[in-house]
Amino acid sequence: MRTKDFEKAIDALNLGIIIDEVKLRHSDVRQVTAHQGSKGIVWDENGHAFTTSLKKDIYIAPNEDGVWERVKGYPLNRNKLYDLKFE
């Protein structure tokens, strides 16, 4: 899909969503990151939606050297409510 297809499908949701970033693979969209208030939304290349709170959580994960350390992150949850429908 092209950027304009994603923009049109996001606008069609009529939810006041603001697009923050569009990542491309060649000329096709690979991922779109947006937000609605304090909720973050990420769409994959098929328009499947994942949401997160903009509040960071702390996790323990291995670094490049294999040493476990604390990291901050935003967990994503599948959310079909925001799935995009392309025409």
Side-chain angles (χ1 to χ4, degrees):
M1 295 286 164
R2 303 280 185 176
T3 302
K4 66 180 179 177
D5 298 325
F6 273 81
E7 290 173 342
K8 189 175 178 181
I10 291 168
D11 286 342
L13 293 174
N14 290 321
L15 296 173
I17 295 170
I18 298 170
I19 297 173
D20 299 316
E21 180 179 26
V22 177
K23 295 182 181 179
L24 302 175
R25 179 181 299 123
H26 304 289
S27 63
D28 291 328
V29 172
R30 178 174 57 91
Q31 178 180 310
V32 176
T33 305
H35 70 276
Q36 177 193 37
S38 64
K39 180 176 290 197
I41 308 167
V42 177
W43 288 277
D44 66 12
E45 64 271 7
N46 299 312
H48 298 144
F50 302 83
T51 57
T52 184
S53 167
L54 293 181
K55 179 184 170 199
K56 290 183 182 179
D57 287 333
I58 296 178
Y59 300 94
I60 298 179
N63 65 16
E64 293 175 357
D65 299 324
V67 177
W68 289 81
E69 63 184 10
R70 289 180 166 200
V71 294
K72 293 181 180 179
Y74 303 94
L76 292 174
N77 300 305
R78 180 76 169 92
N79 191 334
K80 293 182 180 184
L81 174 68
Y82 295 97
D83 279 357
L84 300 178
K85 294 172 181 60
F86 299 104
E87 296 178 9

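Here the CD-NZ distance, from Gln31 to Lys23, works out to 4.5 Å after rounding to the nearest 0.5 Å. Here the NZ atom belonging to Lys8 is positioned 4.0 Å from the CD atom belonging to Glu87, to the nearest 0.5 angstrom. Taking CG from Asp20 and NE2 from His35, the interatomic distance works out to 5.0 Å, rounded to the nearest 0.5 Å.
Apart from Ile10 itself, the hydrophobic cluster it occupies contains Met1, Phe6, Leu13, Leu15, Ile17, Ile19, Val22, Leu24, Val29, Val32, Ile41, Trp43, Leu81, Tyr82, Leu84, Phe86, where clustering links Ile, Leu, Val, Met, Phe, Trp and Tyr at side-chain heavy-atom distances under 4.5 Å. Residue Val67 shares its hydrophobic cluster (ILVMFWY side chains chained together at separations under 4.5 Å) with no other residue.
No donor-acceptor pair closer than 3.5 Å links the side chain of Asn46 to the backbone N or O of His48. Side chain of Thr52 to backbone of Pro75: a donor-acceptor contact under 3.5 angstrom is found.
Here the closest non-hydrogen pair linking Ala49 and Asp83 is N-OD1, 2.8 Å.
Annotation for Arg2: atom CZ does not count as buried by contact number, only 12 or fewer foreign heavy atoms lying within 6.0 Å. Taking a 6.0 Å sphere around CZ of Arg70, one finds it holds 12 or fewer heavy atoms contributed by other residues, nucleotides or ligands.
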